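Numbered from 1 within each chain, the chains take letters A, B, ... in sequence-line order. In this text the structure is predicted, and so the values were computed from the model without any measurement.
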Protein chains: 2
Amino acid sequence: MPRNRRLQDREEKREEILAVAQRLFIDDGYESTSMGRIAEHAGVTVNTIYWYFRDKDDLLIAVLDRLLAEALAQYATITDRPLNERLLWAVDRLERLHGLVNTVHTRASVSPAVHTWHTGFHELADSLIADALRNAGAAEADIPAMTAIGTFVIEGLLTHRYDDADKRAVIDLLVHKLTTVPTQA
Amino acid sequence: MPRNRRLQDREEKREEILAVAQRLFIDDGYESTSMGRIAEHAGVTVNTIYWYFRDKDDLLIAVLDRLLAEALAQYATITDRPLNERLLWAVDRLERLHGLVNTVHTRASVSPAVHTWHTGFHELADSLIADALRNAGAAEADIPAMTAIGTFVIEGLLTHRYDDADKRAVIDLLVHKLTTVPTQA
DNA sequence: ACCTGAACACCGTTCAAGT
DNA sequence: ACCTGAACACCGTTCAAGT
């Protein structure tokens with residue numbers, strides 16, 4: 001089957017470039033990683049990368065999709081844990097990627113493709129957080145604003161570095177304040 | 001007074017470059033603004049910029065200090081307003097600069113000078129928010145975590161675009177939840 | 001279909017040379 | 001002290017040419 005063999009080779013090569021790009025983007029940062037270095041580590045010429053990917057942002061999006069799929073698969077295994085545990089898990093899980101969070105924000109303002117990915121990502125993240133808040137008993141009217149706050153706190157904990165105790169304190173306080181009914185002091 | 005004349009000229013030239021850089025950084029973004037375009041708009045050669053500033057990050061920091069001083073001066077005039085009004089003011093005031101927020105985060109991981117500026121900025125912002133929370137009657141033990149949450153929500157509202165009604169909803173909910181004493185539902 | 005060598009336009013930065 | 005012309009090493013991307 002030459003047709004299948006070909007297709008598999010193509011997929012393998014693409015995957016290899018992707019794996020190299022992912023490692024370099026995470027370890028050294030998107031900006032500090034030149035197409036030349038990716039090519040070098042993958043054992044190809046720069047132009048070859050452009051055969052498999054439209055441009056550097058397209059490569060970034062492919063890496064992001066790869067990471068997102070992996071994270072979602074893992075998240076599915078802990079959906080029964082309490083809300084604060086799940087948020088802490090998400091922050092710990094995504095902490096290695098904090099550089100990419102910034103990169104997405106930066107590139108989204110320049111690349112329409114990254115902007116689209118970013119929008120889609122937040123729709124997904126928002127629906128996950130909204131579901132979690134509903135399960136934790138939050139008032140329906142407050143869900144959209146609460147979801148935004150949850151997203152911002154996760155992003156904030158990712159992009160600014162906090163130690164484990166502080167992360168837990170922030171998340172516990174947030175969940176406690178958001179999911180209990182307030183009465184004026 | 002040739003000495004003073006000289007000093008004034010120098011200060012004027014520096015200010016002119018700075019003003020051009022600030023406008024271009026805000027309007028077009030830090031990455032999209034080349035040193036060449038700044039020089040062109042300021043009517044000098046690229047090398048001249050390097051006479052007044054160490055490098056592009058140093059220029060960025062000078063712009064940030066300029067913007068911060070201006071914002072702080074304006075903030076001083078509204079310190080008597082309630083907490084949610086002040087937070088909303090800050091978001092509206094800084095919204096034009098949302099691109100620079102990202103830029104600071106990106107450059108902080110590459111330039112030690114920007115990293116130092118970013119750290120100093122957050123110390124200042126944290127102390128302002130902590131004071132505001134104390135005045136609003138927040139429990140002392142919760143202040144650090146609350147301050148982090150406040151910072152993250154402001155940054156989130158800046159970097160993701162929300163319309164006025166949504167911004168207000170998020171801030172009002174946040175302030176309400178943080179500054180009232182909760183009791184279990 | 002897949003890959004390359006060589007070029008393109010651009011970038012931030014430097015340096016010897018001028019005044 | 002201040003400014004320039006010209007260069008440097010690098011960047012993402014393209015293209016004609018090969019197989």
Side-chain angles (χ1 to χ4, degrees), chain A residues 1-18 20-22 24-25 28-63 103-104 106-114, chain B residues 1-18 20-22 24-25 28-63 103-104 106-114:
Chain A
M1 297 148 197
R3 170 65 58 103
N4 278 339
R5 187 80 180 94
R6 279 268 169 160
L7 274 174
Q8 190 175 345
D9 282 356
R10 175 176 173 83
E11 207 40 51
E12 275 173 16
K13 189 84 149 222
R14 208 188 116 98
E15 271 303 314
E16 196 186 335
I17 294 172
L18 216 45
V20 167
Q22 175 171 320
L24 292 176
F25 284 171
D28 303 343
Y30 179 79
E31 307 211 289
S32 305
T33 302
S34 70
M35 295 295 271
R37 276 210 22 257
I38 298 171
E40 197 182 331
H41 280 251
V44 295
T45 324
V46 246
N47 323 313
T48 303
I49 300 180
Y50 286 89
W51 181 259
Y52 293 94
F53 302 93
R54 182 204 298 273
D55 53 24
K56 199 183 175 186
D57 285 314
D58 191 38
L59 193 47
L60 172 65
I61 290 171
V63 166
T103 298
V104 169
T106 303
R107 298 304 307 166
S109 64
V110 158
S111 154
V114 176
Chain B
M1 297 146 198
R3 169 65 57 103
N4 279 337
R5 187 78 182 97
R6 279 267 169 162
L7 274 173
Q8 189 176 343
D9 282 355
R10 174 175 173 83
E11 205 41 50
E12 274 174 17
K13 190 84 150 220
R14 207 189 116 98
E15 271 304 313
E16 196 186 334
I17 294 172
L18 216 44
V20 167
Q22 174 171 320
L24 292 176
F25 284 170
D28 303 343
Y30 179 79
E31 307 212 289
S32 304
T33 302
S34 70
M35 296 294 272
R37 278 210 20 259
I38 298 171
E40 197 181 330
H41 281 250
V44 295
T45 324
V46 245
N47 323 313
T48 303
I49 300 180
Y50 286 90
W51 181 259
Y52 293 94
F53 301 94
R54 181 202 301 272
D55 54 25
K56 201 183 175 188
D57 286 314
D58 190 38
L59 193 46
L60 172 65
I61 290 171
V63 166
T103 298
V104 169
T106 303
R107 297 306 306 167
S109 65
V110 158
S111 153
V114 176

K.L.:
Enumerate all atom pairs, one protein N or O and one N or O from nucleotides 13-15 of chain D, separated by less than 3.5 Å.
P.N.:
unit_1, atom_1, unit_2, atom_2, d
D/dT13, OP2, A/Tyr50, OH, 2.7
D/dT13, OP2, A/Lys56, N, 3.0
D/dT13, O5', A/Tyr50, OH, 3.2
D/dT14, O4, A/Asn47, OD1, 2.4

K.L.:
Any side-chain heavy-atom pair from A/Phe25 and A/Thr103 closer than 4.5 angstrom?
P.N.:
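Side-chain contact under 4.5 Å: no.
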
K.L.:
Can you measure A/Glu31 atom CD to D/dC10 atom P for me and round it to whole angstrom units?
P.N.:
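Whole-Å distance recorded here is 18 Å.
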
K.L.:
Can you sort out the partners of A/Glu40 under salt bridge (Lys or Arg N to Asp or Glu O under 4.0 Å), two or more places apart, ordered by chain and number?
P.N.:
none

K.L.:
Of all the choices, C/dC3, D/dT4, D/dC2, which nucleotide is nearest to the side chain of B/Trp51 once you look at every atom?
P.N.:
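Between C/dC3, D/dT4, D/dC2, the one nearest the side chain of B/Trp51 would be D/dC2.
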
K.L.:
Show every side-chain hydrogen bond (donor to acceptor under 3.5 Å, both in side chains) that has at least one partner inside residues 41-56 of chain A, sequence neighbours left out.
P.N.:
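Of all non-adjacent pairs touching residues 41-56 of chain A, none passes side-chain hydrogen bond (donor to acceptor under 3.5 Å, both in side chains).
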
K.L.:
Just N and O in the side chain of B/Tyr52: are any of them under 4.0 Å from OP1 or OP2 of D/dC2?
P.N.:
no

K.L.:
Whenever both distances are under 3.5 Å in a Watson-Crick or G-U wobble pair, mark it; put DNA chain C into dot-bracket that way, with [ ] for crossing pairs and | when the partner is on another strand.
P.N.:
||.|||||...|||||.||

K.L.:
Can you pull every protein N or O that's under 3.5 Å from an N or O on nucleotides 16-19 of chain D?
P.N.:
none

K.L.:
For B/Glu11 and D/dA1, what is the distance between atoms CD and P respectively, to the nearest whole Å?
P.N.:
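In whole Å, D/dA1 P and B/Glu11 CD are 17 Å from each other.
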
K.L.:
It should be established whether A/Ser34 places a side-chain nitrogen or oxygen under 4.0 Å from OP1 or OP2 of nucleotide D/dC11.
P.N.:
yes

K.L.:
Check the distance between D/dG12's P and A/Asp58's CG and give it to me in whole angstrom.
P.N.:
15 Å

K.L.:
State whether A/Thr48 places a side-chain N or O below 4.0 Å from either non-bridging phosphate oxygen (OP1 or OP2) of C/dT4.
P.N.:
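For C/dT4, OP1 or OP2 has a side-chain N or O of A/Thr48 closer than 4.0 Å.
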
K.L.:
By salt bridge (Lys or Arg N to Asp or Glu O under 4.0 Å), which residues pair with B/Glu16, not counting sequence neighbours?
P.N.:
none

